*Asks:* 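Would you mind keeping the following structure in view while I ask a few things?
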Amino acid sequence: MNSRKIIAAVASIAAVVSLAACGGVKDDVSAGNAGGDAIMIGTTDKITSLDPAGSYDNGSYAVQIQVFPFLYAQDYNSSELSPDIAADEGTWSEDGKQFTVKIKPDLKWANGNTLDANDVKFSYDRIMQINDPNGPSSLLANIESIEVPDDQTVVFNAKVPFDVTLKQVMSSPAGPIVDNEVFAADKLTDADTIVKANAFGGPYQLDSFKINEALSYAKNPNYQGLTPAKNDAVQVKYFADTSNLKMAVEQGQVDVAHRSFTPTDIADLEKNDKVKVVQGPGGEARMLAFNFKLQPYGESQPDADVKKAQAVRQAVACLLDRSELSEKVYKGTYAPLYSYIPDGLSGHEDTLKDAYTKDGAPDLDKAKKILADAGVKTPVDLKLQYNGDHYGSSSADEYAAIKSQLEDGGLFKVDLQQTEWTQYNKERVVTDDSDGTYPVYQLGWFPDYSDPDNYLSPFFRDGNFVNNGYSDKEVNDLIVAQAGEKNEAKREEMLKQIQKLETEDLSTIPLLQGNQVAVTGTNVNGVVLDPSFRFRYASVEKQ
């Protein structure tokens, strides 16, 4: 689902708010007993926080896009932005320092409270003020301040003139608008408070919420945005593993199953005439991330050495076999990724392929030379962490293969471990008070918006969502500059330069690029997986 958090930068880690079962949870919200025309959806994705200020992950965002409004969002089958609760396309001042948005008149929250420009300013200001380590504050790094001249007008004062990413950010995990009469300005608001106050302004309101077990949505009659609900109710059931989710959709216990199936599951389901497999354009990226404090020779280690630490990262990059991961583990459902910007977006260039591989194949000799030149003794002990309940059960096979690849040739000795997602997402982060827990770890990215900036700012800009202790002034300044560059050719050159620098630094190592997949019953229509990278329940209907 980020210095602009993409999913990473997609802030420092504060305590994640505890989401207990909310008051009024319905006992009958479970797979197989959704009544009437309610759409039953199954998923294995986990929620971190219902409050948008406290999450920057796909599982939480999947809920937030259903229940909170945005200034701008994507219409169906498009990556282009349209007004949601905004009344116009917005205008830049002549000097490019101010972006003004008008809000639709007479808007109401589901609870009847007034929804106006003051809620918009409040929503953005609190994300920046709370600055939760698991939140999307980094995405707002280009906003200096926000003004509200009147109840229908919002003025964004931009740090970067003519910021080409600003409207995209308004449609991202940093963009949900919340009710200023319910949410706290300086701390996260718990789910129980939000649900009891019916503080929702998206296509749906939440009738009940039981964290990572079951959710019940009802159509919001006050919604006047871009994507009104075509169904009256949606129920979501959270599954512990994909095998149970697969069985549920095959047996008709859920109408739609979305995230995350194994490649074998997908191949099997495609042969089943009782279900339909729906695929959409891929923006997902899978990668390795390095903790610059804890990795071998990292900054907080007794033998800290910047050059040796870089050599370790570069040697790892030489030994990875993406084709094996793509073909043997993911059966072609993911493609090798040798670039920080995925194929299909401006600036894409296979810099890692040229720098560290033999035309895509592992290069053991180069890895040996890099480590020897830096004076690194081998084998290097490497603690590698991954997560299967968020990134899919195939992660176990993926990281078993990576362990084997890194140990082949005797340069590394890998200690491979797995941790449950809610703990994993907290422990991976470097903060002012903690060096984090994992020296090297799995990371995935689901884009906030379809722009190359969203694969750079959240990862490498200061204050990014990865929070792995990495910072580079030249990279940071280039990321800021490209966001305000209106000349497409000049911007593309900046994007390529950023990737070249990152190819040397290797804060993260891109591995794979994948598609969106959902599975439905044969009587279900309207599942749209498009370049917005949002799965919106509003379009789903049953015959």
Side-chain angles (χ1 to χ4, degrees), residues 22-26 28-29 33-41 50-52 60-76 82-88 101-120 122-123 151-152 170-171 175-183 189 191-210 214-236 255-256 524-528 532 534-543:
C22 294
V25 174
K26 298 177 181 177
D28 64 347
V29 181
N33 56 15
D37 293 327
I39 306 296
M40 174 60 76
I41 294 175
L50 182 57
D51 186 337
S60 301
Y61 191 50
V63 180
Q64 293 160 9
I65 62 175
Q66 320 299 337
V67 297
F68 296 118
F70 294 72
L71 286 174
Y72 299 98
Q74 298 89 349
D75 205 348
Y76 297 113
S82 299
D84 190 15
I85 65 167
D88 57 23
V101 182
K102 291 287 186 180
I103 309 299
K104 292 176 181 176
D106 304 321
L107 296 178
K108 297 286 185 182
W109 294 99
N111 56 25
N113 292 345
T114 298
L115 197 174
D116 59 20
N118 297 293
D119 291 296
V120 175
F122 173 82
S123 300
D151 290 347
Q152 303 306 128
M170 294 176 185
S171 72
I177 310 304
V178 300
D179 186 346
N180 64 8
E181 296 184 49
V182 174
F183 284 74
T189 299
D192 187 52
T193 298
I194 299 168
V195 175
K196 282 183 177 179
N198 202 16
F200 304 113
Y204 297 97
Q205 58 194 43
L206 273 171
D207 285 344
S208 63
F209 182 102
K210 193 169 184 181
L215 278 67
S216 179
Y217 296 84
K219 184 186 292 188
N220 174 12
N222 290 341
Y223 178 65
Q224 298 182 44
L226 182 64
T227 55
K230 295 181 179 180
N231 51 64
D232 291 325
V234 174
Q235 295 183 0
V236 179
D255 299 309
V256 183
V524 177
N525 295 315
V527 172
V528 180
S532 73
R534 293 174 166 210
F535 173 34
R536 290 157 290 198
Y537 305 158
S539 62
V540 183
E541 297 178 288
K542 286 195 293 188
Q543 294 176 350

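Small disclaimer: the values here were computed from a predicted structure and weren't measured.
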*Asks:* Taking ring pair (Phe, Tyr, Trp, His ring centres under 6.0 Å) as the test, write out the residues that go with Phe535, two or more places apart.
*Replies:* His258, Tyr537
*Asks:* Hey, does Ile194 have a side-chain heavy atom less than 4.5 Å from the side chain of Asp192?
*Replies:* no
*Asks:* Between Gly225 and Pro228, which heavy-atom pair has the shortest distance, and what is it?
*Replies:*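 Closest approach of Gly225 to Pro228: O-CD, 3.9 Å.
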*Asks:* Which pair of non-hydrogen atoms, one from Val256 and one from Val540, has the smallest distance, and what is that distance?
*Replies:* CG2-CG1, 4.2 Å
*Asks:* Which heavy atom of Ser123 sits nearest to which heavy atom of Pro176, and what is that distance?
*Replies:*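 In terms of heavy atoms, the two residues are closest at CB-O, 3.7 Å.
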*Asks:* Applying side-chain contact (heavy atoms from CB on, under 4.5 Å), run through Leu115 and Asp179 and close with a yes or a no.
*Replies:* CA-CA 7 Å; Leu115 197 174; Asp179 186 346; over 6 Å; no
*Asks:* Answer yes or no: is there a side-chain heavy-atom contact under 4.5 Å between Gln66 and Phe200?
*Replies:*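 Gln66 does not reach Phe200 side chain to side chain.
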*Asks:* Could you check whether any side-chain N or O of Gln152 sits under 3.5 Å from a backbone N or O of Ile103, counting only pairs where one atom can act as donor and the other as acceptor?
*Replies:*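 Judged by distance alone, yes, a pair lies under 3.5 Å.
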*Asks:* With side-chain contact (heavy atoms from CB on, under 4.5 Å) as the criterion, how do Leu206 and Val63 come out once you've worked through the C-alpha distance, each side chain's angles and the decisive distance to 0.1 Å?
*Replies:* CA-CA 9 Å; Leu206 273 171; Val63 180; 4.3 Å; yes
*Asks:* So Val67 and Gln205, do their side chains get closer than 4.5 Å, heavy atoms only?
*Replies:* no
*Asks:* Can you tell me how far the CE atom of Met40 sits from the OG atom of Ser216, to the nearest 0.5 Å?
*Replies:*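 The distance works out to 8.5 Å.
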*Asks:* Rounded to the nearest 0.5 Å, how far apart are CZ of Phe70 and CG of Leu226?
*Replies:*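 Phe70 atom CZ to Leu226 atom CG measures 11.5 Å (nearest 0.5 Å).
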*Asks:* Please test Tyr204 against Asn231 for side-chain contact (heavy atoms from CB on, under 4.5 Å), starting from the C-alpha separation and ending with a verdict.
*Replies:* CA-CA 10 Å; Tyr204 297 97; Asn231 51 64; 2.6 Å; yes
*Asks:* Any donor-acceptor pair under 3.5 Å linking the side-chain atoms of Arg534 with those of Tyr61?
*Replies:* yes
*Asks:* Out of curiosity, Asp255 CG to Glu541 CD, how far, rounded to the nearest 0.5 Å?
*Replies:*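 Rounded to the nearest 0.5 Å, the CG-CD separation comes to 12.5 Å.
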*Asks:* Of all heavy-atom pairs between Ser171 and Ala73, which one has the smallest distance, and what is that distance?
*Replies:* CB-CA, 4.2 Å
*Asks:* Does the side chain of Asn180 pick up a donor-acceptor pair with the side chain of Asn118 at under 3.5 Å?
*Replies:* no
*Asks:* Quick one: are Leu215 and Ser208 in side-chain contact, heavy atoms under 4.5 Å?
*Replies:* no
*Asks:* Measure the OH-OG distance between Tyr72 and Ser82 for me, rounded to the nearest 0.5 Å.
*Replies:*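 That separation rounds to 10.0 Å.
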*Asks:* Give every residue pair that meets the salt bridge (Lys or Arg N to Asp or Glu O under 4.0 Å) criterion with at least one member in residues 215-231, sequence neighbours excluded.
*Replies:*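 Counting only pairs at least two positions apart or across chains, the salt bridge (Lys or Arg N to Asp or Glu O under 4.0 Å) contacts touching residues 215-231 are Lys219-Asp232.
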*Asks:* Is any side-chain heavy atom of Tyr223 closer than 4.5 Å to one of Asp84?
*Replies:* yes
*Asks:* Under a 4.5 Å cut-off applied to non-hydrogen side-chain atoms, are Trp109 and Glu181 in contact?
*Replies:*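 They are not in contact (no side-chain heavy atoms under 4.5 Å apart), so the answer is no.
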*Asks:* Is there a donor-acceptor contact under 3.5 Å from the side chain of Asn220 to the main chain of Pro203?
*Replies:* no
*Asks:* Has Lys542 got a side-chain atom pairing as donor or acceptor with Ile39's backbone, closer than 3.5 angstrom?
*Replies:* no
*Asks:* State, to 0.1 Å, how close Ser532 and Gln74 come at their nearest heavy-atom pair, and which atoms those are.
*Replies:*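 Where Ser532 meets Gln74 most closely, the heavy atoms are CB-CB, 3.6 Å.
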*Asks:* Within this structure, what is the CD1-CZ distance for the pair Ile177 and Phe68, rounded to the nearest 0.5 Å?
*Replies:*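 With rounding to 0.5 Å, CD1 (Ile177) is 10.5 Å from CZ (Phe68).
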*Asks:* Measure across Asn111 and Ala197 and return the closest heavy-atom pair with its distance rounded to 0.1 Å.
*Replies:*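 That would be ND2-O, 2.9 Å.
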*Asks:* So do the side chains of Val178 and Asp119 get within less than 4.5 Å of each other, counting heavy atoms only?
*Replies:* no
*Asks:* Between Asp116 and Leu107, is any pair of side-chain heavy atoms under 4.5 Å apart?
*Replies:*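 No, too far: nothing below the 4.5 Å cut-off.
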*Asks:* When rounded to the nearest 0.5 angstrom, what distance separates CG in Leu50 from OG in Ser60?
*Replies:* 8.5 Å
